[in-house]
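The structure appears right after this line, and notes come after that.
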Number of protein chains: 2
Amino acid sequence: MTDENLSTEFDLEHFLPYRLDRLADRVSEALAQLYEAHYDLNVAQWRVLAWLHHRHELTAKQICAATRMDKARVSRAIQVLEGRGLMVRRPSPRDQRWQDLRLTEAGQALMVELVPQVRAWEAELVAPLATEEYHRLLDMMERLERPLRDDE
Amino acid sequence: MTDENLSTEFDLEHFLPYRLDRLADRVSEALAQLYEAHYDLNVAQWRVLAWLHHRHELTAKQICAATRMDKARVSRAIQVLEGRGLMVRRPSPRDQRWQDLRLTEAGQALMVELVPQVRAWEAELVAPLATEEYHRLLDMMERLERPLRDDE
DNA sequence: CGTGCATGGTTTCATGTGCAACTATTAGTT
DNA sequence: AACTAATAGTTGCACATGAAACCATGCACG
């Protein structure tokens, strides 16, 4: 991309940050309907569950990194989820500052019920794209994101 | 896309809502540095300015639709921007319930200064993509978004 | 060992946001 | 014309969030 027409006019419809934000917002809103109404989870809680389901055992720090959420926000989500008996935490034997987080049976059960719904919904979401296009999309997103990464 | 492997496992790295959100978040954060630090604008205020710059004259309602922000949020952004002398509002002659919003000279001047910076930054952002790829990306995003649109 | 520094997680506090109630104006129906 | 419904925008309130202060634990270096 070397379009150097840097005039003061710009068309927001072709401004990537705007388009990205709008799409992400709509997608996120649609997804939220799946877990909010039926399972009474907010975004933060859903993300914590999703990562624990995905990775089995994690610390809060790792969840912060994965979800890009503030540690206070993660901490609060964990409190709620633990209160609802969906997950447990115990101080890590390796380092008492960390806590190992994992889903309880109930948490697992919830995810086993929820995940297929989410997957089915996602299949519909990406239905307008051919499989090959979808891969290219993820690849482009990866290339856009890489220079923006702070650490790792 | 007709991959019907709806198992209970799913890899968040290939879960579009997650990837989309993460990218949008990073992009938005990077962009915010341009207008926050130097111009003391928050996201809502930036969006209002951007749309007024783009479309010259709008009502709050139209800005709500364009930015997908709550009308209270837009209303508050407008109050601040007007207080800073960057824009003005006057009741629309066509309908006293509406107010026509437009940038002041100062608001125009700010955008004339800011927009080229934003455009230059965006050029860097999309540099990893070939021009043709970029068009395909926007096209795919459009196709993903269309079914999610509520109205219009 | 022990004193200081770093780190994971919690809590406090100030702020921004969304929802819902409200005001003012206009449109519709009879 | 009058009464009702709808619409644009504002405000009150309750809640979620992020930054920073805080606490507890572990590590490094003397």
Side-chain angles (χ1 to χ4, degrees), chain A residues 21 24-26 28-29 32-33 35-37 40-48 51-52 55 57-84 87-102 150-151, chain B residues 21 24-26 28-30 32-33 35-37 40-48 51-52 55 57-84 87-102 150-152:
Chain A
D21 193 83
D25 191 55
R26 285 201 157 104
S28 161
E29 183 186 44
Q33 290 184 354
Y35 54 72
E36 260 176 11
D40 192 30
L41 300 169
N42 68 21
V43 188
Q45 291 153 205
W46 151 255
R47 287 181 186 166
V48 170
W51 275 95
L52 287 180
R55 284 290 169 83
E57 180 165 284
L58 290 167
T59 69
K61 177 84 187 284
Q62 292 174 301
I63 292 186
C64 287
T67 60
R68 291 180 59 69
M69 296 194 296
D70 188 84
K71 58 185 185 167
R73 192 177 174 191
V74 170
S75 172
R76 287 166 190 133
I78 289 172
Q79 284 172 42
V80 172
L81 294 172
E82 191 175 40
R84 286 178 58 179
M87 47 165 296
V88 287
R89 50 181 155 180
R90 59 186 178 91
S92 169
R94 305 168 42 124
D95 186 326
Q96 297 285 119
R97 287 172 303 182
W98 312 340
Q99 1 185 273
D100 292 333
L101 309 173
R102 26 173 65 226
D150 13 67
D151 42 56
Chain B
D21 192 84
D25 191 54
R26 285 202 157 103
S28 161
E29 183 185 44
Q33 289 184 354
Y35 56 71
E36 260 176 10
D40 192 30
L41 300 169
N42 68 21
V43 188
Q45 290 153 206
W46 152 254
R47 287 181 185 166
V48 170
W51 275 95
L52 286 179
R55 284 290 170 84
E57 180 164 284
L58 289 167
T59 68
K61 176 83 186 285
Q62 292 174 300
I63 293 186
C64 287
T67 60
R68 292 179 57 69
M69 297 195 295
D70 186 83
K71 58 186 185 167
R73 192 177 173 191
V74 170
S75 172
R76 286 166 189 134
I78 288 172
Q79 285 172 41
V80 172
L81 293 173
E82 193 176 38
R84 287 178 58 179
M87 48 166 295
V88 288
R89 50 180 154 180
R90 59 184 178 94
S92 170
R94 305 168 43 122
D95 185 327
Q96 297 285 121
R97 287 172 302 182
W98 312 340
Q99 2 186 270
D100 292 333
L101 309 174
R102 27 173 66 226
D150 13 68
D151 42 53
E152 287 166 88

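Quantities reported herein were computed from a predicted structural model and do not represent experimental measurements. Note on naming: letters A, B, ... go to the chains in the order of the sequence lines (proteins, then strands), and numbering restarts at 1 for each one.
Remark: B:E36 pairs with no residue by the side chain to side chain donor-acceptor pair (under 3.5 Å) rule, at least two apart or across chains. With sequence neighbours excluded, the residues that form a side chain to side chain donor-acceptor pair (under 3.5 Å) with B:R102 are B:H56, B:E57. B:Q99 is linked by a side chain to side chain contact (heavy atoms under 4.5 Å, CB included) to B:R89, B:L101, counting only residues two or more places apart in sequence or in another chain. Checked against side chain to side chain donor-acceptor pair (under 3.5 Å), B:N42 has the following partners two or more places apart in sequence or in another chain: B:Q45. Checked against side chain to side chain contact (heavy atoms under 4.5 Å, CB included), B:T59 has the following partners two or more places apart in sequence or in another chain: B:K61, B:Q62, B:W98, B:D100. The side chain to side chain contact (heavy atoms under 4.5 Å, CB included) test applied to B:R76 returns B:A72, not counting sequence neighbours. The side chain to side chain contact (heavy atoms under 4.5 Å, CB included) test applied to B:R97 returns B:D95, not counting sequence neighbours. Partners of A:R47 according to the side chain to side chain donor-acceptor pair (under 3.5 Å) rule, which considers only residues two or more places apart in sequence or in another chain, are B:D21.
For the pair B:T59 and A:V43, both in contact range of DNA chain D, the more 5′-proximal nearest nucleotide belongs to B:T59.
Atom CE of residue A:M69 and atom CG of residue B:D25 lie 11.0 Å apart, to the nearest 0.5 angstrom. To the nearest 0.5 Å, the span separating CD1 on B:I63 from CG on B:L52 amounts to 4.0 Å. Distance check: A:R84 CZ to A:Q79 CD gives 14.5 Å after rounding to the nearest 0.5 Å.
Across the protein-nucleic acid pair, B:K71 atom NZ and D:dG12 atom C1' stand 14 Å apart, rounded to whole Å. Rounded to whole angstrom, the span from the CD atom of B:Q62 across to the P atom of D:dT7 amounts to 15 Å. In this entry the distance linking CG of A:L41 with P of D:dA16 reads 13 Å, nearest Å. Atom C1' of nucleotide D:dG18 and atom CD of B:E29 are separated by 12 Å, given to the nearest angstrom. With rounding to whole Å, B:D70 atom CG is found 14 Å from D:dA8 atom P.
When the C1' atoms of four end pairs are superposed on the next four at each end of the helix from C:dC1-D:dG30 to C:dT30-D:dA1, using five pairs per end, the two resulting axes differ in direction by 20°, to 10°.
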Detail all sub-3.5 Å separations between protein N/O atoms and N/O atoms belonging to nucleotides 23-27 of chain D.
residue	atom	partner	partner atom	Å
D:dG26	OP1	A:Q96	N	3.0

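Counting only heavy atoms from C-beta outward, the side chains of B:L41 and B:L81 approach each other to under 4.5 Å. Within the 4.5 Å cutoff, the side chain of B:T67 has no heavy atoms near those of the B:R73 side chain.
Of the residues in residues 72-81 of chain B, those lying under 4.0 Å from DNA chain D by heavy-atom distance are B:A72, B:S75, B:R76, B:Q79.
Chain B approaches DNA chain C within less than 4.0 angstrom (heavy atoms of the protein), and the contacting nucleotides run 5' to 3' from C:dT17 to C:dT26.
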